[in-house]
Enquirer: 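Handing you a structure now.
Side chains included, hydrogens not; waters and symmetry mates left out as well; all remaining heavy atoms used. All values reported here derive from a predicted model rather than from experimental measurement. We're numbering straight along the sequence, starting at 1.
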Amino acid sequence: MQQLTVILELTVSNHPGVMSHICGLFARRAFNVEGILCLPLPQGDQSRIWLQVADDQRLEQMISQIDKLEDVVQIRRDADGAGIFGKLTALVQ
């Protein structure tokens, strides 16, 4: 049975180390990230990170922990897991 996934859309400060802090948070809690996409926003001072993660009982706690990070400006949970990662998957297959 395939596990359901969800997309977390983060707006973060755009500077070195931000991605490392976010991914480290997941790694320390043994929470697998299935997909990552990061692009700078037009202003240049912020980036958007999309994380495809398992939708399990630990997810709410992970969101709470991410929200505490200084460089995270906003988190949006997108239940439409097919979105951007579905399009990227189609490109590489």
Side-chain angles (χ1 to χ4, degrees):
M1 184 172 99
Q2 185 177 2
Q3 188 167 11
L4 296 176
T5 61
V6 67
I7 305 300
L8 299 180
E9 185 177 311
L10 285 62
T11 303
V12 299
S13 299
N14 186 10
H15 63 80
V18 174
M19 179 69 77
S20 177
H21 287 150
I22 292 169
C23 290
L25 186 72
F26 281 89
R28 286 189 302 276
R29 287 158 180 81
F31 199 107
N32 194 36
V33 175
E34 301 292 330
I36 301 172
L37 176 63
C38 181
L39 295 168
L41 295 175
Q43 306 87 333
D45 62 334
Q46 293 182 336
S47 290
R48 179 82 28 86
I49 299 174
W50 292 268
L51 300 170
Q52 184 178 26
V53 297
D55 190 3
D56 71 16
Q57 70 276 5
R58 301 177 298 156
L59 183 57
E60 291 305 319
Q61 179 64 27
M62 288 302 301
I63 292 171
S64 176
Q65 293 296 311
I66 294 167
D67 198 32
K68 293 177 184 178
L69 295 175
E70 183 177 329
D71 291 313
V72 175
V73 177
Q74 180 182 13
I75 301 173
R76 191 171 78 93
R77 181 179 170 154
D78 184 3
D80 178 20
I84 196 155
F85 286 100
K87 292 175 184 174
L88 288 172
T89 300
L91 285 173
V92 296
Q93 290 183 344

Enquirer: Does a side-chain heavy-atom distance below 4.5 Å link L8 with V53?
Expert: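 Yes, close enough: below the 4.5 Å cut-off.
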
Enquirer: Can L59 be reached from V33 by stepping across I, L, V, M, F, W or Y side chains whose heavy atoms are under 4.5 Å apart?
Expert: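 Shared cluster, yes.
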
Enquirer: Could you report the tightest heavy-atom contact between N32 and E34, atom names first, then the distance?
Expert: ND2-OE2, 2.9 Å

Enquirer: Determine the minimum heavy-atom distance between C38 and S47, stating which atoms define it.
Expert: SG-CB, 4.0 Å

Enquirer: Measuring from atom CZ of R48 to atom CG of L10, what distance do you get when rounded to the nearest 0.5 angstrom?
Expert: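 One gets 9.5 Å once the value is rounded to the nearest 0.5 Å.
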
Enquirer: How long is the span from the CD atom in Q46 to the CG atom in L39, to the nearest 0.5 Å?
Expert: 14.0 Å

Enquirer: Drop me the distance from I7's CD1 to D55's CG, to the nearest 0.5 angstrom.
Expert: 10.5 Å

Enquirer: S13: which residues meet the side chain to side chain donor-acceptor pair (under 3.5 Å) condition with it, sequence neighbours left out?
Expert: none

Enquirer: Taking side chain to side chain contact (heavy atoms under 4.5 Å, CB included) as the definition, give me every residue that meets it alongside Q57, ordered by chain and number, with sequence neighbours left out.
Expert: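 Residues passing side chain to side chain contact (heavy atoms under 4.5 Å, CB included) with Q57: none at all.
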
Enquirer: Enumerate the ring pair (Phe, Tyr, Trp, His ring centres under 6.0 Å) contacts for residues 29-48, please, sequence neighbours excluded, ordered by first and then second residue.
Expert: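 Matches after skipping sequence neighbours: F26-F31.
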
Enquirer: With sequence neighbours left out, write down each residue that passes side chain to side chain donor-acceptor pair (under 3.5 Å) with D45, or none if nothing qualifies.
Expert: none

Enquirer: With the side chain counted from C-beta on, respond yes when C23 and I36 share a heavy-atom pair under 4.5 Å apart, and no when they do not.
Expert: yes

Enquirer: Could you give the side-chain donor-acceptor pairs of residues 62-74 under 3.5 Å, partners two or more places apart or in another chain?
Expert:
residue: Q65; atom: OE1; partner: R29; partner atom: NH2; Å: 3.3
residue: D71; atom: OD1; partner: H15; partner atom: NE2; Å: 2.9
residue: D71; atom: OD2; partner: H15; partner atom: NE2; Å: 3.3

Enquirer: To the nearest 0.5 Å, what is the distance between CD (E9) and CG (L51)?
Expert: 10.5 Å

Enquirer: Check side chain to side chain donor-acceptor pair (under 3.5 Å) between Q61 and all other residues, then give those that pass, not counting sequence neighbours.
Expert: none

